[in-house]
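Working notes, structure below.
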Amino acid sequence: MDAAALQATLEREIPIVRAIGLRVETAGSQIVILSAPLAPNRNHKATAFAGSLHTAATLAGWGLLWVLLRGEPSLPQIVLQESTIRFLRPVTGDFVARSTLEVGETPGRFLASLRRWGKARIAIRCAVAESGHSGAPAVEFHGRFVALRQTEDETTGG
């Protein structure tokens with residue numbers, strides 16, 4: 001259920017998702033896995049374009065936070081506050097991005113902060129690897145995402 005709902009949300013809210021062929025494979029409160037084919041993400045060296053890899057990692061993190069927030073009365077705005085990314089080796093085939101919470105982060109503390117203050121931050125990590133490869137990731141991403149409760153004016157357009 002969450003995978004189909006997240007796929008529909010990503011396609012509706014973020015147009016690049018369709019262009020790069022990003023698919024939601026798993027969408028749970030512990031992990032989100034996105035996949036993408038190499039062909040629409042290929043650079044001039046026949047490897048995955050760094051921007052596509054960064055996009056997949058960012059959206060896997062965004063998706064994890066979206067899943068965590070689905071139970072809220074109104075879905076808060078989700079934004080990436082900052083990120084770091086390390087490209088460890090070229091990606092020469094289709095790829096997957098797996099996001100999880102950083103060690104020490106807890107959904108309970110994050111949601112309590114959001115409910116009390118109307119905003120909350122959480123750190124998410126993502127590993128990008130070639131599909132079917134169980135070895136070390138080709139890309140490591142660490143991002144801090146922020147959830148902001150929308151005001152009445154923002155939700156009604158006023």
Would you confirm whether [X], through its side chain, and [Y], through its main-chain N or O, come within 3.5 Å as a donor-acceptor pair?
X	Y	result
Ser99	Ala60	yes
Glu105	Ala123	yes
Asp94	Leu38	yes
Arg149	Leu114	yes
Asp2	Gly28	no

4.5 Å side-chain heavy-atom contact, [X] and [Y]:
X	Y	result
Ile85	His142	no
Ile20	Asn41	yes
Thr92	Glu130	yes

Not counting sequence neighbours, list each pair that qualifies as a ring-ring contact (aromatic ring centres under 6.0 Å, His included) and has a residue in residues 20-55. His54-Phe141
Find the distance between [atom1] ([X]) and [atom2] ([Y]) and round it off to the nearest 0.5 Å.
X	Y	atom1	atom2	answer
Leu22	Gln7	CG	CD	7.0 Å
Arg18	Arg23	CZ	CZ	9.0 Å
Leu34	Cys126	CG	SG	7.5 Å
Ile122	Leu64	CD1	CG	7.5 Å
Ile78	Leu69	CD1	CG	5.0 Å
Thr9	Trp66	OG1	CH2	4.0 Å

Taken in chain and number order and not counting sequence neighbours, the residues that satisfy side chain to side chain contact (heavy atoms under 4.5 Å, CB included) with Arg144 are Gln81, Glu82, Arg121
Non-hydrogen atoms of Phe110 and Ala147 that approach each other most closely: CZ-CB, 3.6 Å
Could you check whether Thr100 and Arg125, counting side-chain N and O atoms only, form a donor-acceptor pair closer than 3.5 Å? yes
